[in-house]
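Below: the structure, in structure tokens.
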There are 2 protein chains.
Amino acid sequence: MGSGVSWVIRTMPAAVPLSQRILDAAEAVLRRHGLEKTNVVDIARSLGMSHGNIYRHFPSKQALLDAVAVRWLHAVSDPLEGIADDRARPATERLRAWFDALRRAKRRKVRDDPELFQVYHGIVVAMRDVVDEHVNTLLGQVERMVADGVAAGEFSRGLDAAASARAFLQAMSAFHHPALVMQDPPATEEDARAVFGLMLAGLRAGPA
Amino acid sequence: MGSGVSWVIRTMPAAVPLSQRILDAAEAVLRRHGLEKTNVVDIARSLGMSHGNIYRHFPSKQALLDAVAVRWLHAVSDPLEGIADDRARPATERLRAWFDALRRAKRRKVRDDPELFQVYHGIVVAMRDVVDEHVNTLLGQVERMVADGVAAGEFSRGLDAAASARAFLQAMSAFHHPALVMQDPPATEEDARAVFGLMLAGLRAGPA
DNA sequence: AAAATGACAAAAAACATAAAATGTCATTTG
DNA sequence: CAAATGACATTTTATGTTTTTTGTCATTTT
């Protein structure tokens with residue numbers, strides 16, 4: 001006869017897939033021991049399984065680490081989606097809130113979790129495409145806000161939304177690019193506001 | 001009686017000071033062998049002297065390398081001085097030419113001389129104050145141009161020249177900050193122009 | 001038969017040791 | 001006597017060796 005426990009698991013909402021639990025465990029070990037001292041055996045042990053089994057879910061240690069970073073990137077960009085697409089608010093306000101949220105998220109992560117930030121940064125260097133996708137996600141969000149702003153007459157008629165979004169993100173890179181966010185002392189709140197203000201004035205006034 | 005050569009040297013315009021010739025030699029070795037494989041003995045040998053003698057002119061290898069980097073930074077900022085202070089041209093034009101020159105200088109150096117760029121970049125991380133001074137030099141140049149532009153009515157009356165200069169440089173960091181200039185693929189000409197255009201529009205329009 | 005194991009070869013990291021570079025200084029040279 | 005040397009102690013880097021970690025897979029478990 002099957003045990004009670006096995007029945008519970010079979011009928012419950014899929015429990016938590018093992019691959020996710022592995023990601024959680026990896027993140028925990030990373031946090032505790034740092035990138036350098038993290039190995040697959042420890043991750044497996046923290047789940048009470050043999051390390052060989054990890055490889056049934058991730059093809060390599062690097063793939064596992066990448067997956068951690070990808071999930072981490074989504075934790076940054078997903079909440080921004082809501083701000084970008086809130087058509088009820090004026091584009092200017094959304095843009096400001098969006099950028100604020102992005103900057104806060106990055107800074108908080110650097111401060112609270114330097115170890116995980118290292119993992120992320122390591123992957124930034126190694127895995128171009130993962131980062132490209134993330135940047136494209138952000139770009140799309142900004143572009144939508146700029147387009148809305150142009151349509152609503154908040155920003156200059158002559159603006160190319162895609163190009164302006166690109167310019168906006170680039171100008172703001174001092175405040176969100178990993179290489180610069182990590183630097184010490186970090187850019188100040190005031191600096192960010194000043195740059196944002198200048199960019200906003202530019203969006204309003206449009207091309208010379 | 002003194003030799004002819006010693007007479008020539010005593011009356012000629014100071015010849016080239018040994019400390020400068022050491023810098024030249026160091027730069028040459030750096031270029032040839034790269035930062036990692038550069039050692040003081042080789043530098044001395046290339047000047048036909050013992051390495052001990054180098055230490056009569058520089059207190060340490062690091063100090064010598066720093067001096068190379070400082071000279072290198074001046075090679076970047078000195079020519080910009082002329083552009084920044086050419087009161088005959090409109091501020092807008094000067095700002096554009098200045099930024100263009102800065103960007104070109106940086107990119108050329110990265111491309112033509114990645115080894116020396118590494119030295120520089122190494123020092124950026126290690127020696128905060130040398131870099132701070134360089135940034136302040138650039139900031140001062142931009143500030144002067146912005147102030148002139150405000151005075152001439154090209155830029156908005158409401159602008160704080162110092163704050164705007166800061167914002168300008170920060171917004172442009174994607175195109176001149178070492179950490180980002182080195183990245184591959186490098187930011188494009190077009191991107192730089194787009195950001196510059198937006199900033200310029202902002203300077204003209206002034207604070208919202 | 002799907003999930004997990006554990007023994008194993010291959011790859012990578014840590015370690016101890018050898019070699020080279022840095023920096024000092026008493027001595028030499030012009 | 002200022003400029004330079006070169007022998008030398010100290011620190012840093014390179015090299016070869018051992019140990020750990022990664023990744024595979026035939027076998028076991030549920």
Side-chain angles (χ1 to χ4, degrees), chain A residues 1-12 14-26 29-30 32-68 115 118-119 122-123 126, chain B residues 1-10 12 14-23 25-26 28-30 32-68 115 118-119 122-123 125-126:
Chain A
M1 224 195 226
S3 75
V5 168
S6 99
W7 175 88
V8 169
I9 287 181
R10 264 204 231 102
T11 50
M12 278 215 317
V16 180
L18 182 51
S19 56
Q20 283 203 33
R21 286 177 39 227
I22 294 175
L23 286 182
D24 292 338
V29 174
L30 243 5
R32 189 165 313 236
H33 298 338
L35 179 55
E36 307 225 318
K37 297 287 177 207
T38 293
N39 59 297
V40 178
V41 173
D42 283 347
I43 295 171
R45 181 161 41 222
S46 83
L47 288 162
M49 55 170 59
S50 74
H51 78 278
N53 201 32
I54 298 275
Y55 289 90
R56 296 177 39 76
H57 298 270
F58 297 93
S60 69
K61 178 186 181 180
Q62 192 54 50
L64 171 55
L65 258 28
D66 288 353
V68 169
E115 292 300 356
Q118 286 293 353
V119 177
I123 289 168
Chain B
M1 223 195 226
S3 77
V5 168
S6 100
W7 176 88
V8 168
I9 287 181
R10 263 204 231 104
M12 278 212 318
V16 181
L18 183 50
S19 56
Q20 283 202 34
R21 288 177 37 227
I22 293 174
L23 286 183
V29 174
L30 244 4
R32 189 163 317 226
H33 298 344
L35 178 54
E36 306 225 318
K37 297 287 177 202
T38 292
N39 59 294
V40 178
V41 173
D42 282 348
I43 294 170
R45 181 160 43 224
S46 84
L47 287 162
M49 55 170 60
S50 73
H51 78 278
N53 200 32
I54 298 275
Y55 289 90
R56 296 179 39 76
H57 297 270
F58 297 93
S60 68
K61 179 185 183 182
Q62 192 54 50
L64 171 54
L65 259 27
D66 289 352
V68 169
E115 293 301 357
Q118 286 293 354
V119 177
I123 289 169
V125 181

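The chains referred to below are lettered A, B, ... by the order of the sequence lines, with proteins before strands, and numbering in each begins at 1.
- Contacts of A/Val41 with the nucleic acid, taken as non-hydrogen atoms under 4.0 Å apart, include base atoms.
- Contact annotation: the side chain of B/Val41 approaches that of B/His51 to within less than 4.5 Å [non-hydrogen atoms, C-beta and beyond].
- For A/Leu64 and D/dG23, the CG to C1' distance is 13 Å, given to the nearest whole Å.
- Within the 4.5 Å cutoff, side-chain heavy atoms of A/Tyr55 are placed close to those of A/Val40.
- The distance between atom CG of A/Leu47 and atom P of C/dA3, rounded to the nearest whole Å, is 16 Å.
- Distance, A/Ile43 CD1 to D/dT22 C1': 12 Å, rounded to whole Å.
- Between atom CG of residue A/Leu23 and atom CD of residue A/Gln20 there is a gap of 7.0 Å, rounded to the nearest 0.5 Å.
- Between A/Asp42 and A/Arg45 there is a salt bridge, since a side-chain N of the basic residue sits under 4.0 Å from a carboxylate O of the acidic one.
- Between A/Lys61 and D/dT20, a side-chain N or O to OP1/OP2 separation shorter than 4.0 Å is absent.
- If you check distances only, the side chain of A/His51 does reach the base of D/dG23 with a donor-acceptor pair under 3.5 Å.
- Going from atom CG of A/Asp42 over to atom C1' of C/dA13 covers 14 Å, rounded to whole Å.
- Following rounding to the nearest Å, A/Phe58 (CZ) and D/dT22 (P) show an atom-to-atom distance of 15 Å.
- An OP1 or OP2 oxygen of D/dT20 is reached within less than 4.0 angstrom by no side-chain nitrogen or oxygen of A/Lys37.
- Residue A/Glu36 is the one, among B/Tyr55 and A/Glu36, whose nearest nucleotide of DNA chain C lies closer to the 5' end (criterion: closest heavy atom).
- Atom CE of B/Met49 sits about 4.5 Å away from atom CG of B/Leu18, to the nearest 0.5 Å.
- Counting non-hydrogen atoms under 4.0 angstrom, A/Asn39 reaches the backbone sugars and phosphates but no base.
- Within 4.0 Å (heavy atoms only), A/Ile54 reaches no atom of the nucleic acid at all.
- Rounded to whole angstrom, the span from the CZ atom of A/Arg56 across to the P atom of D/dT29 amounts to 16 Å.
- Distance CD1 (B/Ile22) to P (D/dA3): 12 Å, rounded to an integer number of Å.
- Residue A/Leu35 contributes atom CG, which lies 11 Å from atom P of C/dA13 at whole-angstrom precision.
- Where A/Leu18 and B/Gln62 meet DNA chain C, the nucleotide closest to each residue was compared, and A/Leu18 sits on the side nearer the 5' end.
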